[in-house]
Asks: 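Provided herewith is a single structure, encoded as C-alpha cells, for subsequent inquiry.
Note that the coordinates shown come from a computational prediction; the quantities given were computed from them, not determined experimentally.
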Amino acid sequence: MAAPKEAVEGPLVGAVVQSTSHSRFLVFNAKTAGILTHYRVELTQEFPKEGWVEQDPKEILQSVYECIEKTCEKLDELNIALSNIKAIGISNQRETAIVWDKLTGEPLYNAVVWLDLRSQSTVENLGKKIPGNNNFVKSKTGLPLSTYFSAVKLRWMLDNVRQVQKAVEEGRALFGTIDSWLIWSLTGGVNGGVHCTDVTNASRTMLFNIHSLEWDKELCDFFEIPMDILPKVWSCSEIYGEMKTGSLVGVPISGCLGDQSAALIGQMCFEEGQAKNTYGTGCFLLCNTGRKCVFSEHGLLTTVAYKLGKDKPVIYALEGSVAIAGAVVRWLKDNLGILSSPEEIEVLAKEVGTSYGCYFIPAFSGLYAPYWEPSARGIICGLTQFTNKCHIAFAALEAICFQTREITDAMNRDCGIPFDHLKVDGEMTKNKILMQLQADILHIPVVKPCITETIALGAAMAAGAAEGVSVWSLEPDNLKSLMREEFEPQIKATECEIRYATWKRAVMKSMGWVTAESSENGQSGRIFSSLPLGIFIVSSMILLIGARYISGIP
C-alpha cells in the first residue's frame, strides 16, 4: 500500500524561468522561500546569418512543459502532493518576439531573440522619421530606438515574412513576447488561451506608453503595427488563467514579470534607490526609482520595474543593459573551443590571476548601455606572444565587470548618489573569481544572496501574492532578508582606475566596424577593404598568432 502524500509546512508556489539559454521550473515554500525541487532543460539558439539570433517557439514551449512535468515527478518521489501547489509565476527573456496563428496555434516564424541585429536598417530608416526636437518614442517609452526592442523585430517580420503578412491580413495573427506565448499556450491555446502580457514585458516593446500604461496609438502608427494583434496588458500579480494540460491542471497562473523585474523583487529591492545586477546571458542593472520616471542623461533606460496587483501603484526603474555577459563564456566554449564547460573559465582565470594586459570587448551584438552603438564589434587587444587561453579567459571575466562599472558610473551620475555596495544574482555569481573582480573594479563590496535563484523567487512571490491566491505576504515585516556572501575590494583604487581607463580606450577601438548594409548582408569583410593595406596585414598576423597560441600550436 502506497504511503499517503505528505502535507508540507506552508503552501507551495511554482515558478517558470524561461531564459535565452534554458528553461527551468522551481517549486518554493511560500512561508520560508525555500526551494523544494527544480528541473532544467537547455535550449538551442540558431544563427542563420551573421547577426541573426533565433529560437524555435515550439521548443521553448515544450521545454517548459518538460520542466513542469519532471519537477512534478520529483515532488512525487519526495511524497509531496501536487495539490500543495497553489499558483504558478512566469518570468522570461524579455524583448524576444513571436508571431503565431491563433487558429492553429502554430508559430508563423522563429522567435527573433533580443540579441538579434537584423533590424538595424529598419532602425536607421525609422530614426529618420523622428523629429530632431521631439523624440516622442523615447519620451513615451523610456527607450532609445534600437534593434534590442520588440517593435522593430515585429516590423521586420511584417516586412519580410509572407506567412506573417498573410496571417495579419486574414486576422489570424497574434503577437507577443515569450510570456504571452507561454501563457496563451498553457491556458488552452486555440481552445480559449488567454492572450495577455504584463506591464514589465509590455514596457520593452517600444509600443507601450509607460505613463498611461497602455498600448500607444501614435507609437503603433509610427511602427505601422496593427493594434489588434497585441496582447491585453495586466499587472504583474493577478490571476490570468489556469493551467489546462499536464500534472498541474487547474492551478492558476498568477504572476508574470520580465526576468530582470523578477530579480529586482527577488532581491527585495522594494525601496527607492535599491538596485541589483543580474549576470546571465547579458548583464542587467536595475535601480528602483519609485513612482516617478527618471529619464537618464547618461545612456540608461527608463522602464517599468513592477506593478504588484491590479489596484497597486506602478513602480519604475532605471536600467543599464549589457548584451554580452555569460554569452561570452558560451562563445569561448562553442566558437573557440578553449573551454570544455562553462565552469572551466574560473579554473583557467585562477591559474594566471591576470589578463597580462589583454583586453576583451565582447561587442558581438554592438554595444548596449551606455553607448547604444550598433556599429561596434568584438575585439581582443593587447595580445603578445606570451598571451595564452588563460589570459583570454581572465580578460573575458574582466570584460563583464568593466561593462558593469560603466553602467554603475552612469547610474551614479543620473541618481546623484553613488552606490556603497552592489547586490548581485544570476548563474554567473557562482564564479568567485568574477565576483572578486567585480568588487575590485567597482571598488565597493559586492553582495550575493545565498539563494541565487532570485528571478524564480520574484516570479513566485508575485504569483503567491496575487488576489485570489494570497499565500505569499509582501508586507515588509514578513519579508525575510536572505543570507548573503560579501566580496570586498582587494586592490588599490589607483590600480583599478588605470585598468578601467585602458578598458575605455579599447572600447573606443571596437566602434565603427560595420555599416547597416554590411551587417544586414553578412559582409563584414568590407570593414577590412577600407583599411590601409599595412594595418590589414598587421591585424591579420596578430589574429593568426593569437589563434595559434590559444590553440597551443607552436
Asks: Going by atom types alone, do Ser235 and Glu238 pair a side-chain donor with an acceptor below 3.5 Å?
Replies: yes

Asks: Is it the case that Gln18 and Ser23 place a side-chain donor and acceptor less than 3.5 Å from each other?
Replies: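 A pair is found: one side chain offers a donor N or O, the other an acceptor, under 3.5 Å apart.
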
Asks: Identify all side-chain donor-acceptor contacts of residues 241-259 below 3.5 Å with residues at least two apart in sequence or on another chain.
Replies:
residue, atom, partner, partner atom, Å
Ser247, OG, Glu69, OE1, 2.5
Ser254, OG, Ala463, O, 2.9

Asks: Pairing donors with acceptors under 3.5 angstrom, does anything connect the side chains of Arg40 and His38?
Replies: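 Not at all, the side chains of Arg40 and His38 share no donor-acceptor pair under 3.5 Å.
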
Asks: Scan side-chain atoms only and decide if Gln267 and Asp425 contain a donor-acceptor pair under the 3.5 Å cut-off.
Replies: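 A donor-acceptor contact under 3.5 Å links the two side chains.
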
Asks: Could you walk me through whether Phe222 and Leu126 satisfy the side-chain contact (heavy atoms from CB on, under 4.5 Å) test, starting with their C-alpha distance in whole Å, then the side-chain angles of each, then the deciding distance to 0.1 Å, before giving a yes or no?
Replies: CA-CA 8 Å; Phe222 174 72; Leu126 287 166; 4.0 Å; yes

Asks: Might you point out which heavy atoms bring Ala323 and Ser365 nearest each other, and give the distance in Å?
Replies: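 That closest heavy-atom pairing would be CB-CB, 4.5 Å.
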
Asks: Give a yes-or-no answer on whether the side chains of Glu59 and Gln55 include a donor-acceptor pair shorter than 3.5 Å.
Replies: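 No pair is found: no donor N or O on one side chain lies under 3.5 Å from an acceptor on the other.
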
Asks: Mind jotting down which residue pairs meet the ring-ring contact (aromatic ring centres under 6.0 Å, His included) criterion with at least one end in residues 163-182? Sequence neighbours excluded, please.
Replies: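 For residues 163-182: Trp100-Trp181.
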
Asks: Under the side-chain contact (heavy atoms from CB on, under 4.5 Å) rule, what do Leu219 and Lys140 come out as? Steps first, then yes or no, please.
Replies: CA-CA 8 Å; Leu219 291 170; Lys140 288 187 173 193; 4.1 Å; yes

Asks: Can Gln274 and Lys423 be counted as having a side-chain donor-acceptor contact under 3.5 angstrom?
Replies: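 No, because no side-chain N or O of Gln274 sits under 3.5 Å from a partner of the opposite role on Lys423.
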
Asks: What I want to check is whether the side chains of Thr96 and Gln93 have a donor and an acceptor closer together than 3.5 Å.
Replies: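 Thr96 vs Gln93: donor-acceptor pair found between side chains.
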
Asks: In this structure, is the centre-to-centre distance between the rings of Trp52 and Phe47 below 6.0 Å?
Replies: no

Asks: Could you check, using the six-membered ring where one of them is a Trp, whether Phe284 and Tyr279 have ring centers closer than 6.0 angstrom?
Replies: no

Asks: Between Lys58 and Glu106, is the closest basic N to carboxylate O distance under 4.0 Å?
Replies: yes

Asks: As a quick check of understanding, evaluate side-chain contact (heavy atoms from CB on, under 4.5 Å) for Ile130 and Leu145, giving each step before the final call.
Replies: CA-CA 10 Å; Ile130 298 177; Leu145 195 60; 4.0 Å; yes

Asks: Under the salt bridge (charged side-chain N to carboxylate O under 4.0 Å, His left out) rule, what pairs show up with a residue in residues 168-177, not counting sequence neighbours?
Replies: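 The answer is Asp101-Arg172, Arg162-Glu169, Lys166-Glu170, Glu170-Arg172.
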
Asks: Salt bridge or not between Glu319 and Arg204? Use side-chain N to carboxylate O under 4.0 Å.
Replies: yes

Asks: Would Arg413 and Glu297 pass as an ion pair if we require N to O under 4.0 Å?
Replies: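 Not counted as a salt bridge, because no side-chain N and carboxylate O are separated by less than 4.0 Å.
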
Asks: Side-chain donor-acceptor pair under 3.5 Å between Thr303 and Ser203, yes or no?
Replies: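 Short answer, yes.
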
Asks: For residues Thr278 and Gln260, is any side-chain donor paired with an opposing acceptor at under 3.5 Å?
Replies: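 Side chains of Thr278 and Gln260: pair found under 3.5 Å.
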
